[in-house]
Number of protein chains: 2
Amino acid sequence: MVAKTSFETRPCPIARSLDDVGEWWSILLLRDAFQGLKRFDQFQKSLEIAPNILTRRLNSLVERGLFEKRVYCERPLRHEYVLTAKARDFRPVLLSLLAWGNKHLAPEGPSLVVVDKADGRWAEPVLVDRQSGRQLDSDDFTMATGPMATERMRQRYRFASQGSGLPLVDNRPVDQNREEAPGK
Amino acid sequence: MVAKTSFETRPCPIARSLDDVGEWWSILLLRDAFQGLKRFDQFQKSLEIAPNILTRRLNSLVERGLFEKRVYCERPLRHEYVLTAKARDFRPVLLSLLAWGNKHLAPEGPSLVVVDKADGRWAEPVLVDRQSGRQLDSDDFTMATGPMATERMRQRYRFASQGSGLPLVDNRPVDQNREEAPGK
DNA sequence: CAGTATCCTGTCCGATACTG
DNA sequence: CAGTATCGGACAGGATACTG
């Protein structure tokens, strides 16, 4: 966590995301939670993390709305940590990270894959535009400033668009695309 | 970076990815690089990062094969930092992070969006399986250990699959799916 | 302009001991 | 079992000064 230049104050959604889950253990905790782990000692055994650190990370994720701390036993009092909707939306990030790691950091072959529960077949994660279905890592797409961008961001992106012929798309209503989006 | 329990030694592709790009500035540098920034002072102005730290992060990313340091001027000697293929493959992670941040951390509206260069329309990033086109954040898919998983990983995932009825898919050849994959 | 060299601080983390 | 309390170390990051 950066002290003075806290990312919380940055408007960029990527920076903000990092502020929420940018720490190593946080991501790994989410990974394990998606795998069904819920309890303190499960996480601890899985990650081999010091208990005080685990407490800290867990609390941080609860504070940031990624875990919900829930009582599963009254006496003795016991809690479990379950993923919130916000955290469940984080899964694409995790799976993208997984796919990237498998491609570039696992020359011996994958140790973790995404599978179709029904037939066990390995899935191959690709990021596409929901409406057109086109792949987002093509040259057809780029990042651009949105309506809430600061002047600083606009300048950075204005610079970047020079010579690349990118149109500067901006100040569009948030829901501009939703109208004709084919439901889910 | 974790000292003793370096993620480098972990087989999990997510942990390995974090070891490469798990630090805040690294991700933000990649974001800027995707936006076309290449030079030291461009990054520095954009991020408001201390020059020594910028040097450190840049070198780290070069070492890890995400940036290529290239001479663009002989005298005086000047370098620029350009994305490698490995880094370009990282884009889905960045865009997923961006989409998540926009959804959950930008109540005022987005400051950064993904757009179709052709018509300026906002894209909506969704992670799907390349072959079936089905969304990966549905309940149909899960993570499972691959052939190179350690016993530790298998145990964690064996536990997790209890009660959820997940089949344990394992020891399949790396290329099992490729055979009938409709070329890109 | 593109860095390098120093110094300092914050805090993330590990180890360990202890508790209901 | 599920944590809390305390201590110490490593290092990322900030500030600043300096160089070709």
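Below, all heavy atoms of this structure are taken into account, side chains as well, without hydrogens, waters or symmetry copies. Every chain is numbered from 1, with letters handed out A, B, ... down the list of sequences.
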Q) Is the distance from OP1 or OP2 of C:dC1 to the nearest side-chain N or O of B:Arg39 less than 4.0 Å? A) no
Q) Are the side chain of A:Asp116 and the backbone N or O of A:Arg121 linked by a donor-acceptor pair below 3.5 Å? A) no
Q) For B:Trp24 and C:dT11, is the shortest distance between a side-chain N/O and OP1 or OP2 below 4.0 Å? A) no
Q) What does B:Arg56 touch in the nucleic acid at a heavy-atom separation under 4.0 angstrom: a base, only the sugar-phosphate, or nothing? A) base
(Q) Side chain of B:Ala50, heavy atoms from C-beta onward: which of D:dG20, C:dG14, D:dA15 has the nearest atom to it? (A) D:dA15
Q) Which nucleotide sits closest to the side chain of A:Glu23: D:dG13, D:dC1, C:dC13? A) C:dC13
Q. Going by atom types only, do A:Gln44 and A:Arg39 share a side-chain donor-acceptor pair under 3.5 Å?
A. no
Q. Nearest nucleotide by nearest heavy atom, which residue falls closer to the 5' end of DNA chain C, A:Ile49 or A:Pro76?
A. A:Ile49
**Q.** Full working for salt bridge (charged side-chain N to carboxylate O under 4.0 Å, His left out) between B:Glu63 and B:Arg56
**A.** CA-CA 10 Å; B:Glu63 274 170 30; B:Arg56 193 190 292 173; over 6 Å; no
Q: Please check if the side chain of B:Trp100 supplies one atom and the backbone of A:Lys86 the other of a donor-acceptor pair under 3.5 Å.
A: yes
Q.
Need one value for B:Phe43: base, sugar-phosphate or nothing, where a base atom within 4.0 Å counts as base even if backbone is also close, heavy atoms only.
A. nothing
Report all interatomic pairs (protein N or O, nucleotide N or O of nucleotides 4-6 of chain C) with separations under 3.5 Å.
from	atom 1	to	atom 2	distance (Å)
C:dT4	OP2	B:Thr55	OG1	3.4
C:dT6	O4	B:Asn52	ND2	2.9

(Q) Closest approach to the side chain of B:Trp25, judged atom by atom: which nucleotide of D:dA2, D:dG13, C:dC1 is it? (A) D:dG13
